[in-house]
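Reading through the structure tokens given below for one structure.
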Number of protein chains: 2
Amino acid sequence: MSHACDRQDASQGDTDQKEMTPGKKIPVFVDGVVLNGPQTDVKAGEKFVEEACRLIMEEVVLKATDINEKVCEWQPPEQLRQLLDLEMRDTGESQDKLLKLCQDVIRYSVKTNHPRFFNQLYAGLDYHSLAARIITEALNPSIYTYEVSPVFLLVEEAVLKKMIECVGWKEGDGIFNPGGSVSNMCAMNLARYRHCPDIKDKGLSGLPRLILFTSAECHYSMKKAASFLGIGTQNVYFVETDGRGKMIPEELEKQIWQGKQEGAVPFLVCATSGTTVLGAFDPLDEIAEVCERHGLWLHVDASWGGSALVSRKHRRLLHGIHRADSVAWNPHKMLMAGIQCSALLVKDKSDLLKKCYSAKATYLFQQDKFYDVSYDTGDKSIQCSRRPDAFKFWMTWKAVGTSGLEERVNRAFALSRYLVDEIKKREGFKLLIEPEYTNVCFWYIPPSLREMAEGPEFWRKLSLVAPAIKEKMMKKGSLMLGYQPHRGKVNFFRQVVISPQVSREDMDFLLDEIDSLGRDM
Amino acid sequence: MSHACDRQDASQGDTDQKEMTPGKKIPVFVDGVVLNGPQTDVKAGEKFVEEACRLIMEEVVLKATDINEKVCEWQPPEQLRQLLDLEMRDTGESQDKLLKLCQDVIRYSVKTNHPRFFNQLYAGLDYHSLAARIITEALNPSIYTYEVSPVFLLVEEAVLKKMIECVGWKEGDGIFNPGGSVSNMCAMNLARYRHCPDIKDKGLSGLPRLILFTSAECHYSMKKAASFLGIGTQNVYFVETDGRGKMIPEELEKQIWQGKQEGAVPFLVCATSGTTVLGAFDPLDEIAEVCERHGLWLHVDASWGGSALVSRKHRRLLHGIHRADSVAWNPHKMLMAGIQCSALLVKDKSDLLKKCYSAKATYLFQQDKFYDVSYDTGDKSIQCSRRPDAFKFWMTWKAVGTSGLEERVNRAFALSRYLVDEIKKREGFKLLIEPEYTNVCFWYIPPSLREMAEGPEFWRKLSLVAPAIKEKMMKKGSLMLGYQPHRGKVNFFRQVVISPQVSREDMDFLLDEIDSLGRDM
């Protein structure tokens with residue numbers, strides 16, 4: 001047990017201030033601490049950063065596109081804990097030991113940059129964004145006020161402006177948040193504030209039940225948000241979707257009427273552009289009609305699908321998004337900005353965001369500063385210290401231009417289409433649904449099940465296939481993609497195409513590999 | 001206006017799949033996109049990262065401790081916008097142009113690493129943490145499940161365990177959050193869940209008014225949290241503090257009784273260990289007594305002061321913290337882990353955190369995985385994708401050991417003491433309050449005011465001094481420290497000592513510089 005964890009408080013030490021003269025410069029002691037010069041060994045520190053950077057270049061950056069590298073080096077928790085020296089001790093470790101630790105961290109971490117990492121809604125390596133992220137770490141800014149983050153606040157303003165244009169608004173407001181779940185929460189709170197500003201001060205106690213509507217295929221952050229905001233998960237009304245996973249506007253309207261009949265107060269509809277599992281896009285135009293008829297705030301969770309807005313070819317999936325009151329859009333997903341980069345965009349220009357969130361801390365947001373304090377935008381956030389997440393996306397956008405972003409999105413769509421066609425051609429693969437986006441959902445049916453009738457026994461057996469193949473692929477380290485059961489459908493694979501480093505050959509490999517791992521089941 | 005922002009949806013292009021044979025390899029076209037090989041220019045990308053790293057080493061890391069460099073290169077917003085080429089265009093910029101942009105971003109950003117940056121509750125450069133942060137950016141992990149973040153989840157577990165030991169609990173639970181404000185919010189929600197688990201599903205509607213107590217000197221995130229959680233800012237009862245900024249336990253008890261008499265339902269007391277402005281520590285032992293008597297959850301916001309726990313000499317400031325139910329502690333402040341690194345620690349071991357936060361998304365937290373899914377701890381968070389903030393702190397802790405962390409804390413205390421003694425010695429400087437921590441609050445009184453009686457006119461004139469000196473120091477770029485009015489006291493400086501690169505000479509410089517900038521006022 002470390003000394004720092006002793007509960008006994010140490011007796012107060014020497015608190016006299018002494019001066020001694022062992023040389024030219026007089027060292028100043030206070031409480032036994034020498035106060036002259038810096039305490040850190042700066043040269044050793046600089047050298048460590050340099051060596052770590054070399055390691056990172058060699059082991060991560062230069063290997064990122066190498067398909068001969070493993071996607072992961074699987075170790076179960078108990079073994080991995082033994083392989084890594086996790087414990088923090090009273091005294092520090094040598095620089096060599098630390099570099100070895102860095103090496104191990106890299107070795108046993110999943111390579112989310114790898115062209116065959118398809119496990120999540122993000123993947124790949126954007127070199128320009130990475131450079132911006134390293135600059136961010138070196139400068140270590142926090143973007144609450146212009147005085148401490150002049151560049152990053154202007155960059156955020158510029159990026160928000162451009163994203164707002166993409167949504168189709170002439171003007172608007174916004175803020176970057178630590179992830180889409182938080183952006184959705186913030187939108188929910190903003191809609192509530194617009195509905196009844198008094199709630200900020202008085203709370204929900206004594207008010208009638210507020211209710212909101214979202215599709216049955218929405219992201220789970222909707223429930224988290226309703227619970228966190230004191231609204232309650234039961235007050236999230238889930239609207240039925242059609243066969244492709246899209247909210248049915250008539251069902252939405254029915255539910256709104258039903259909620260009103262129950263005496264509840266509807267205040268918000270959350271549509272989804274790009275659902276997590278199926279990649280479905282809710283029909284925004286029809287949903288906007290319903291919202292207008294009932295005076296409800298329309299939030300669009302486009303965390304995943306928002307990136308289609310940069311493609312002239314595919315932005316029609318979000319047709320009607322300009323009618324939304326707020327939009328969540330995560331460039332860290334398909335546009336590869338790096339975890340995390342999530343914008344909440346707001347149509348209102350009457351400073352609703354600021355009115356809703358501000359707490360006016362006088363130690364941070366002084367009003368007698370010598371510059372225009374409207375640039376101190378930090379008070380629009382639920383956070384105090386906040387990372388400059390817009391900056392990494394800005395750097396990529398500068399580097400490849402809107403047309404470069406568009407090319408990436410178009411390529412991801414095209415690759416998904418290729419994969420779908422291959423799945424249809426190949427024996428043993430069965431498409432779950434014709435995708436709208438780049439989520440390709442399918443079952444692999446091993447030879448032993450191919451002749452079976454599609455009854456309960458077939459589905460029970462099929463449900464075991466994806467987890468078993470997943471285990472094999474992870475232990476082999478050859479690729480990673482996710483599986484899940486979903487609304488009555490047993491476990492199926494969800495292949496997500498994102499990275500521009502991914503090629504047709506990787507799609508072929510994916511299917512070959514699944515077949516080779518599952519053939520004997 | 002960029003093409004991507006045209007609202008007209010482009011007509012559907014060529015969707016035929018063609019094959020052509022211009023050489024050995026057959027290129028595959030889908031929707032006009034070539035799908036063979038990666039799309040990115042990998043070599044150019046790698047080169048850019050390498051060059052950016054060189055720039056970062058030269059312009060940020062190697063200059064971090066150089067006091068001859070400016071802390072900031074002040075430009076007002078309008079000018080800075082003209083100096084930087086912020087606009088994102090249809091086509092990308094050249095690599096040279098991008099490197100020049102990186103240079104400008106660095107040039108006009110505030111050097112929070114600089115030994116004379118004292119503006120916030122964080123400062124300085126920790127080389128080991130920086131190396132870990134660069135590894136993080138290169139690997140780009142998200143730590144919801146063990147399968148995608150095996151190393152980082154084990155590291156988080158190890159760091160939480162150690163921090164829990166420091167608090168003085170035998171066991172506990174916890175999660176890292178994007179900042180102290182979010183950690184405080186999460187604690188508030190957790191306390192509410194413990195008080196009444198039904199609120200998660202049913203919400204606050206129809207319930208009696210829930211109220212919480214915190215000191216008048218607490219962080220502004222308490223109000224933000226109460227508003228966000230639907231509790232309402234009016235239901236935060238602010239307890240009076242003594243002359244040193246510490247909550248008065250008798251006043252707390254009075255307010256609890258008063259709230260109960262009003263028919264409200266107390267559920268939480270938030271004590272502060274290290275207040276934002278004065279650095280005051282609430283008397284935790286006495287407050288814990290009150291909480292136990294009334295059955296209230298005790299949360300300690302030790303975001304700023306928690307780091308004193310690693311010092312055997314100074315941890316007595318948090319005496320009684322082991323009696324808390326939850327603690328927020330930000331190693332990104334005094335322990336220099338980098339923005340952000342904030343832990344919410346919870347004493348409960350009955351899985352309260354998980355029960356309170358989980359939404360059990362089946363696409364992410366499948367229960368039929370081949371490993372022990374208790375390691376998939378992401379569902380304890382309000383976030384979905386989440387950064388491995390524990391890792392950077394772990395690397396520092398490994399590098400310097402608990403004793404190294406302790407030395408840093410002790411040195412910051414000693415330097416503050418030195419500064420206080422100097423302020424007392426020097427004419428024209430007036431200490432606001434004897435500090436408990438490393439916030440040193442003081443007025444500078446220019447010669448023209450030194451003979452004036454301390455009446456309303458004196459205070460009015462004095463209130464103009466700090467903002468004017470702040471303007472001068474920022475335009476000169478010689479140092480940065482904050483000022484604020486506070487609870488009836490006119491604008492005063494708040495000097496915060498953190499970085500081990502800071503020396504006694506920097507303290508002397510600070511006072512000399514303020515005197516030199518303010519002497520003629």
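Each chain gets a letter, A, B and so on, in the order its sequence line appears, and its residues count up from 1. What's counted below: heavy atoms across the whole structure, side chains too, no hydrogens, waters or symmetry copies.
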ask   = Where on A:Q340 is there a heavy atom nearer than 4.5 Å to chain B: the side chain, the backbone, both, or neither?
value = both
A:K470 side-chain N/O to B:K369 backbone N/O, donor-acceptor pair under 3.5 Å = no
ask   = Do you know which of B:D201, B:V151, B:V33 has the most heavy-atom pairs with chain A at a distance under 4.5 angstrom?
value = B:D201
inquiry  = Does this structure show an ion pair linking A:R387 with A:E137, if we count only N-O contacts that are shorter than 4.0 Å?
reply    = yes
inquiry  = Quick check on B:C102 against chain A: is it the side chain, the backbone, both or neither that has a heavy atom closer than 4.5 Å?
reply    = both
task = Measure A:R494 against the heavy atoms of chain B and call it side chain, backbone, both or neither at under 4.5 Å.
result = side chain
Segment of B:I56 engaging chain A (4.5 angstrom heavy-atom cut-off) = side chain
query = What residue in A:S503, A:G230, A:P178, A:P141 has the most heavy-atom pairs under 4.5 Å with chain B?
reply = A:G230
ask   = Which of the residues A:G206, A:P150, A:G180, A:A52 is involved in the greatest number of heavy-atom pairs with chain B at under 4.5 angstrom?
value = A:P150
message = I need the B:I382 CD1 to A:S221 OG distance, nearest 0.5 Å.
response = 10.5 Å
query = Counting heavy-atom pairs under 4.5 Å to chain A, which of B:P467, B:A226, B:A138, B:A361 comes out on top?
reply = B:A138
inquiry  = Need one label for B:E471: side chain, backbone, both or neither, based on atoms under 4.5 Å from any heavy atom in chain A.
reply    = both
ask   = Does one side chain, of B:N189 or B:Y357, offer a donor that lies under 3.5 Å from an acceptor on the other?
value = yes
key: Choice from B:Q75, B:K111, B:R81, B:H486 maximising heavy atom contacts with chain A below 4.5 Å   = B:R81
remark   = If one checks every heavy atom of A:V61 against chain B at 4.5 Å, the contacting part turns out to be both
task = Go through the atoms of B:P115 and report whether side chain, backbone, both or neither lie under 4.5 Å from a heavy atom of chain A.
result = neither
request  = Heavy-atom pairs under 4.5 Å with chain A are the metric here; pick the option from B:L207, B:N410, B:D368 that has the most.
outcome  = B:D368
key: B:P76 portion near chain A, given a 4.5 angstrom heavy-atom threshold   = backbone
Top contributor to chain A interface from B:N113, B:L415, B:I199, B:V182 [non-hydrogen pairs under 4.5 Å] = B:L415
note = Note: vs chain B, highest number of non-hydrogen pairs under 4.5 angstrom among A:S149, A:A131, A:P485, A:S109 is A:S109
key: Gap between atom CZ of B:R411 and atom OH of B:Y418 - 0.5 Å precision   = 12.0 Å
ask   = Do any N or O atoms from the side chain of B:K162 and from the backbone of A:R89 form a donor-acceptor pair under 3.5 angstrom?
value = no
query = So which of B:G404, B:G338, B:G482 has the largest heavy-atom pair count under 4.5 angstrom toward chain A?
reply = B:G338
ask   = Would you say A:Q484's side chain and A:V277's backbone share a donor-acceptor pair under 3.5 angstrom?
value = no
Under 4.5 Å from a heavy atom of chain A, the part of B:L130 involved = side chain
Proximal component of B:Y375, with respect to chain A [non-hydrogen, under 4.5 Å] = side chain
ask   = Do the side chain of B:T233 and the main chain of B:K223 share a donor and acceptor less than 3.5 angstrom apart?
value = no
remark   = Assert top hit (heavy-atom pairs under 4.5 Å, partner chain B, pool A:K224, A:K398, A:K200, A:R133) equals A:K398
inquiry  = For B:N140, which atoms come within 4.5 Å of any heavy atom of chain A: side chain, backbone, both, or neither?
reply    = both
remark   = OG1 (A:T65) and CG (A:L125) are apart, to the nearest 0.5 Å, by 8.5 Å
Contact origin within A:L405 toward chain B - heavy atom pairs under 4.5 Å = neither
inquiry  = Between B:Y122 and chain A, with a heavy-atom cut-off of 4.5 Å, which part of the residue counts as in contact: side chain, backbone, both or neither?
reply    = side chain
key: Part of B:Y371 within contact of chain A (heavy atom distance under 4.5 Å)   = side chain
message = Which atoms of A:L84 are under 4.5 Å from chain B, going by heavy atoms: the side chain, the backbone, both sets, or neither?
response = side chain
message = Whether the side chain of B:R386 engages the backbone of A:G179 through a donor-acceptor N/O pair (distance < 3.5 Å, no angle test) should be reported.
response = no
inquiry  = Need one label for B:V502: side chain, backbone, both or neither, based on atoms under 4.5 Å from any heavy atom in chain A.
reply    = backbone
remark   = Bottom line for A:Y483: the part with an atom under 4.5 Å from chain B's heavy atoms is both
task = Would you confirm whether B:T112, through its side chain, and A:L139, through its main-chain N or O, come within 3.5 Å as a donor-acceptor pair?
result = yes
task = Could you tell me whether the side chain of A:R504 and the main chain of B:L35 form a donor-acceptor pair under 3.5 Å?
result = no
request  = Can you measure from CE (A:M88) to CD (A:E93) and round to the nearest 0.5 angstrom?
outcome  = 11.0 Å
query = Okay, side chain of A:W394, backbone of B:L86: is any donor-acceptor separation there less than 3.5 Å?
reply = yes
ask   = Tell me, side chain or backbone of A:I231 under 4.5 Å from chain B's heavy atoms, or both, or neither?
value = backbone
request  = Could you tell me whether a side-chain N or O of B:S385 sits under 3.5 Å from a main-chain N or O of B:S142, the two making a donor and an acceptor?
outcome  = no
request  = Report yes if the distance between the aromatic ring centroids of A:F48 and B:H128 is under 6.0 Å, otherwise no.
outcome  = yes
inquiry  = Can you tell me which portion of B:Q120 sits under 4.5 Å from chain A's heavy atoms? Options are side chain, backbone, both or neither.
reply    = side chain
note = When the 4.5 angstrom heavy-atom criterion is applied to B:V400 and chain A, the contacting part is backbone
ask   = Given a strict heavy-atom distance threshold of 4.5 Å, which part of B:A414 is in contact with chain A: side chain, backbone, both, or neither?
value = both
inquiry  = Please find the pair of heavy atoms, one from A:N119 and one from B:E147, that lie closest to each other, and give the distance.
reply    = ND2-OE2, 3.1 Å
